[in-house]
Amino acid sequence: MTKQYEAVIGLEVHAEMNTASKIFCGCSTAFGGAPNTHCCPVCMGLPGALPVLNRAVVEKAMLAGLALGCDITRVNVFDRKNYFYPDLPKAYQISQLYLPICTGGGITLKNGRTVTLREIHMEEDAGKLIHDPWTESTLCDYNRCGVPLMEIVTQPDLRSADEVVEFLQTLKLRLEFAGVTDGKMQEGSLRADLNVSVREAGAAEYGTRTEMKNMNSFKAIHKAVLTETQRQIALMEKGGKVVQETRRWDDNKDASFPMRSKENAQDYRYFPDPDLPPVVIDDKWLQQITAAMPELPEQKRARYQSEYALPERDILILCQSARLAKLFEDTVECGVPTREAANWILSDVLRLCREHGMEPADLTLPAPALASVITYLMEETLDRAGARELLAAVFDDPTLDRQSYIQSHDLALTKGDDQSLLAVVDAVLAENTDAVQRFKDGNEKVLGFLVGQCCRRVQGHADAKAIGLLVKAALAK
Amino acid sequence: MKITVTNETVAYLEQLARLRLPERERETMQAELQGILDYMAVLEELPEQGGEPHTPKHGALRADEVKPSFERQELMQNGKRIKDGAYLVPQTVE
Amino acid sequence: MKTKKAAYTALQLGAMLQKKEITAREALQASLARAQETEPSLHALTELDEAFAFAQADKAQERLLRGEALSPLDGVAVGVKDLLCIKGRRTCCGSKMLLDYVSPYDATAAARLKAGGVVLAARCNMDEFAMGSTTETSIFGATRNPWALDRVPGGSSGGSAACVAAAQFTAAIGSDTGGSIRQPAAYCGVTGFKPSYGVISRYGLVAYASSLDQLSPIAVDARDCAALTDLMRGVDGMDATACSLPDTTSLLAQCDGNVKGLRVGLPKECFADGLDPEIRAAVLALGDTLKSLGAKLVPVELPALKYAIPAYYVLACAEASSNLSRYDGVKYGYCAEGAEDVLSLHSLSRTKGFGREVQRRILLGTFVLSSGYYDAFYGKAVRAQWLIREGFAQAFTQADVLLTPVAPTPAPKLGESLSDPMKMYLSDIYTVSVNLAGLPAAALPCGFTKDGLPIGAQLIGPRLGDGTVLRAADACQRVTDFHLARPEVETA
């Protein structure tokens with residue numbers, strides 16, 4: 001009989017904070033840009049340059065900690081982690097080893113198990129290395145250097161791939177709603193490394209763990225946990241031993257491979273960074289930040305249920321992205337009925353996102369634009385097709401002048417009181433005296449024929465309901 | 001704690017610090033480091049009490065405001081090997 | 001040894017410029033002529049770009065003619081230690097590593113000096129990356145002491161001290177990490193002032209040991225030092241460790257000559273064995289001068305002083321090993337040819353780019369931070385540092401300033417220290433504790449040995465008590481003239 005095994009998994013999650021400027025200098029954190037154009041002497045580590053800490057980084061780390069139930073460290077110190085690598089221009093990373101800003105806290109999973117956090121610390125991101133096939137060399141781009149990161153480290157409390165993904169999804173959402181990250185996985189703003197070990201079910205000791213890097217989606221993480229767990233079990237079944245090593249996930253091959261060990265055992269020679277005085281968080285500051293905490297996903301869902309009476313499924317989808325929930329609330333704020341706002345977001349807006357290959361976090365559509373599209377439909381300035389066309393246009397260009405777009409694309413429906421429409425009705429009735437007579441004789445079916453004739457004349461630029469009313473009114477004369 | 005600086009110690013430090021001393025110099029360096037570290041043993045005599053850090057003063061912070069970055073050409077004027085606005089180094093593993 | 005008297009101080013020159021008794025160009029020409037005459041034997045400067053200097057002097061002259069002087073030192077030319085970044089200029093730190101390095105930005109202190117109209121005329125020689133006490137390890141060669149060409153000027157700001165002593169310039173900017181301003185000032189018979197840690201922004205000062213480095217002026221007298229510090233000091237958005245002084249009066253205005261009732265502490269440990277008797281006598285004589293001016297001499301103790309040198313070298317080298325890691329041949333600095341991989345590129349560039357003393361300190365710093373030794377060395381050094389701070393705090397309950405020697409001996413002969421690093425490190429005994437405690441301290445000339453070598457005394461103040469230190473030093477200089485003596489520099 002084969003033994004029962006249990007996976008033991010811990011996570012190190014790197015979440016990029018959504019500050020405007022870098023952690024230690026005023027350079028932009030914007031994604032992309034030509035190589036080394038978001039750089040200055042500080043983030044490029046030029047001789048004589050010094051770091052000065054961005055206040056928002058501390059505050060966002062505090063918010064993250066509060067959103068996860070952590071204790072906030074009152075005296076924070078930054079440490080230097082020393083190692084040579086071309087993506088690290090100072091040859092040290094400013095991080096926190098001895099006194100991380102948050103400790104404890106955690107997330108309770110649906111199955112009731114709690115995943116405890118060891119710590120959250122603040123640190124700077126490194127640069128990007130790009131392989132240059134022409135010169136068989138590596139290109140160093142330091143635009144990412146100094147982008148602020150939170151490293152969230154869990155205890156080895158996770159037991160399955162499903163738990164890992166649920167934990168990460170909940171974490172991502174909390175951080176996003178707390179306003180500290182923007183949750184764009186594609187741009188690497190949330191990266192998770194796994195520590196995986198396997199032990200016989202019921203054993204007290206942990207097995208030897210491996211570290212797994214380079215998964216860039218929840219799907220890949222799920223697969224990596226399964227694969228690594230199976231690999232270790234297979235190894236143990238064969239009587240082999242798990243080697244403590246760092247492995248790299250290859251998404252194309254759905255498999256992981258040991259990374260070549262860097263030159264020698266890591267000896268990072270951490271010591272407190274003398275350029276950065278301690279950051280002291282006093283009661284007043286902590287209270288300010290606690291008071292500024294935005295609504296978290298769980299609270300938001302509860303409120304939507306009691307305030308908006310939306311179906312639970314809709315609430316879940318709206319609350320799966322802080323950006324989406326914000327769009328919904330702002331659209332309602334513009335005076336759109338909740339039902340309409342929710343329907344439009346859940347159907348048309350999400351469809352446009354999918355079509356553009358965007359995540360909801362990438363949405364730039366302004367709420368007033370969405371609100372006006374919905375209002376045009378409700379006021380019958382546009383029909384549904386016209387409203388969809390306009391939405392697609394403002395989705396692409398949020399600054400679009402909606403009025404002139406409606407005019408230039410001839411989207412407006414002709415209104416019931418429109419003189420030209422009345423003229424059309426009159427003309428159609430005048431040309432179809434037979435039908436008019438039959439209607440007056442009691443054959444109401446010809447009404448449809450007359451309305452149809454009118455619609456053909458205006459080529460669909462008015463809705464049939466309005467024309468129907470006009471025709472009826474004219475016949476009643 | 002008597003610390004003995006061996007040839008291997010110096011070699012390990014060189015590796016960490018990215019220095020490569022010629023063998024002959026390594027021996028001299030070994031002796032010099034030994035002498036300095038022996039002298040530093042006086043720190044062993046520190047009294048058990050005292051020397052606790054005082055309440056730290058709050059350091060200066062900056063507001064989260066984007067400032068224009070440096071003009072790339074100026075910033076990178078001291079680089080010896082540059083291609084397409086990026087520094088060029090021998091290929092890194094992985 | 002023949003001596004003469006300094007023609008004018010920096011402030012006196014500034015006043016002459018404003019009264020149009022001399023033009024900025026004329027003053028600069030005199031400096032350049034003096035430099036041309038003395039440089040072949042001294043080698044205090046590493047760069048003297050006349051066009052760059054004259055352009056600044058001429059701009060200053062235009063302001064002076066309009067009566068729009070930016071500061072009392074507008075138009076005054078100074079030397080600048082080769083580790084303060086000036087935009088568009090070479091900043092080499094006396095190292096092969098940075099031999100062709102051009103800074104794309106101005107250090108805050110450089111920008112503030114410019115804003116005060118000071119002419120940044122020349123670069124001063126230094127020990128490589130400020131690691132040394134003799135100014136012998138520079139890639140540009142050793143600087144010699146103007147009072148005795150076979151002796152060192154001290155270091156690491158030896159070029160800055162020597163160029164003022166030789167009357168090339170009335171003042172110079174240097175930096176002080178463990179005594180690098182005060183010790184060369186003492187060896188060269190000029191006045192140096194290390195402000196409290198943080199008083200002058202370090203932004204653009206190429207780092208040696210970040211928690212100890214402090215930009216500092218060297219000049220003819222304490223008043224010049226006060227005026228230069230006033231121009232450079234104050235908080236800076238680019239340096240989180242920069243701070244302002246609690247006393248809002250300018251340091252220059254605090255030099256009012258009044259030391260009545262000032263309690264001058266004489267730390268017992270600083271006058272013990274190992275101190276040259278001539279130096280002891282000269283420093284104590286300065287104490288008597290202060291007493292004659294109304295100050296009170298009080299005995300104090302600094303029991304933790306014996307930990308100062310080991311603690312200093314542990315902390316300074318640890319920080320240096322990290323600070324100097326950025327020189328890896330990629331972004332700037334010496335880049336080794338023919339490296340096949342990144343490891344070789346880094347290692348070869350650093351091995352060939354750094355000199356021996358720098359490598360020694362990097363290795364030492366790497367060791368004290370490495371796994372298994374951190375607590376035994378770095379941890380203990382930090383605790384020793386706090387003990388030293390507490391010791392000073394205790395002494396300052398009994399005294400307002402402390403009077404000590406700067407160095408246990410006068411300037412040693414060239415080459416003497418290079419062969420014995422431990423001996424060189426030990427000569428920092430009176431200065432390093434001041435950096436460890438972040439205190440202000442001045443070095444001022446207080447006599448000569450029978451061989452005619454200058455002797456320096458050190459006045460140490462409590463943290464941020466910079467004004468008190470300068471006031472006491474100035475009071476002494478009002479009634480003595482050691483600081484005005486200038487050597488006849490032998491010329492080749």
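So that the names make sense, note that chain A is the first sequence line, chain B the second, and so on, each numbered from 1. Every heavy atom of this structure was used, including side-chain atoms; hydrogens, water molecules and symmetry mates were not.
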### Message
Please evaluate residues C:L426 and B:Y39 with respect to the criterion side chain to side chain contact (heavy atoms under 4.5 Å, CB included), reporting the C-alpha separation (whole Å), side-chain torsions for both, the decisive distance (0.1 Å), and the verdict.
### Response
CA-CA 10 Å; C:L426 289 173; B:Y39 171 71; 3.5 Å; yes

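Contact count against chain B (heavy-atom pairs under 4.5 Å) is highest for C:I309 among C:I309, C:I388, C:D239, C:V235. With respect to chain B, the highest number of heavy-atom pairs below 4.5 Å among C:V368, C:L345, C:V330, C:L324 belongs to C:V330. Among C:S321, C:S344, C:A304, C:A311, the residue with the largest count of heavy-atom pairs under 4.5 Å with chain B is C:S344. When each of C:G237, C:S370, C:G333 is scored by its heavy-atom pairs under 4.5 Å with chain B, the top score falls to C:G333. Highest contact tally toward chain C, considering only B:E14, B:M76, B:R81, B:E71, is held by B:R81 [criterion: heavy-atom pairs under 4.5 Å]. Ranked by non-hydrogen atom pairs under 4.5 Å with chain B, the options C:K306, C:K331, C:H346 are led by C:K331. Among B:I82, B:T9, B:L37, B:V5, the residue with the largest count of heavy-atom pairs under 4.5 Å with chain C is B:L37.
When side chains are defined from C-beta on, C:F367 does not count as touching B:L33, because their heavy atoms never get closer than 4.5 Å. In this structure, the side chains of B:Q77 and C:P104 come closer than 4.5 Å at one or more pairs of heavy atoms. Two residues are said to be in side-chain contact when any heavy atoms from C-beta on lie closer than 4.5 Å; C:Y105 and B:L75 fail this criterion. Side-chain contact between B:E44 and C:K380 is present, with at least one heavy-atom pair separated by less than 4.5 Å.
B:R20 places no side-chain N or O within donor-acceptor distance of the main-chain N or O of C:L348, the cut-off being under 3.5 Å. A donor-acceptor pair under 3.5 Å links the side-chain atoms of C:Y307 to the main chain of B:E45, judged by distance alone. Proximity of a side-chain donor or acceptor of B:R18 to a complementary backbone N or O of C:S349 within less than 3.5 Å is not detected. A donor-acceptor contact shorter than 3.5 Å is absent between the side chain of C:D341 and the backbone of B:Q91.
Of the atoms belonging to C:Q385, not a single heavy atom falls under 4.5 Å from chain B. For C:S325, no part sits under 4.5 Å from any heavy atom of chain B, backbone or side chain. Both the backbone and the side chain of C:V314 come within contact range of chain B, with heavy atoms under 4.5 Å apart.
Between B:N78 and C:D100, the closest heavy-atom pair is OD1-O, 3.6 Å. Contact between C:A339 and B:P90 at its shortest, heavy atoms only, is O-CG, 3.9 Å.
From C:F354, atom CZ reaches atom CG of B:L19 across 7.5 Å, with rounding to the nearest 0.5 Å. For the atom pair SG of C:C335 and OH of B:Y87, the computed distance is 12.0 Å after rounding to the nearest 0.5 Å. Note: B:M40 CE to C:Y313 OH = 8.5 Å, rounded to the nearest 0.5 Å. Taking CG of C:L363 as the reference point, atom CD1 of B:I36 lies at 10.0 Å (rounded to 0.5 Å). Taking CG of B:L13 as the start and CG of C:L364 as the end, the distance is 9.0 Å to the nearest 0.5 Å.
More than 12 heavy atoms of other shown residues, nucleotides or ligands fall within 6.0 angstrom of atom NZ in B:K83.
Chain C is approached within less than 4.5 Å, heavy atom to heavy atom, by B:E25, B:T28, B:M29 from residues 22-31 of chain B, ordered by number.
Of the charged side-chain nitrogens involved, none lies within less than 4.0 Å of a carboxylate oxygen, so that B:K80 and C:E337 do not count as a salt-bridged pair. Taking the charged nitrogens against the carboxylate oxygens, C:K87 and B:E74 do have a contact shorter than 4.0 Å, which makes a salt bridge.
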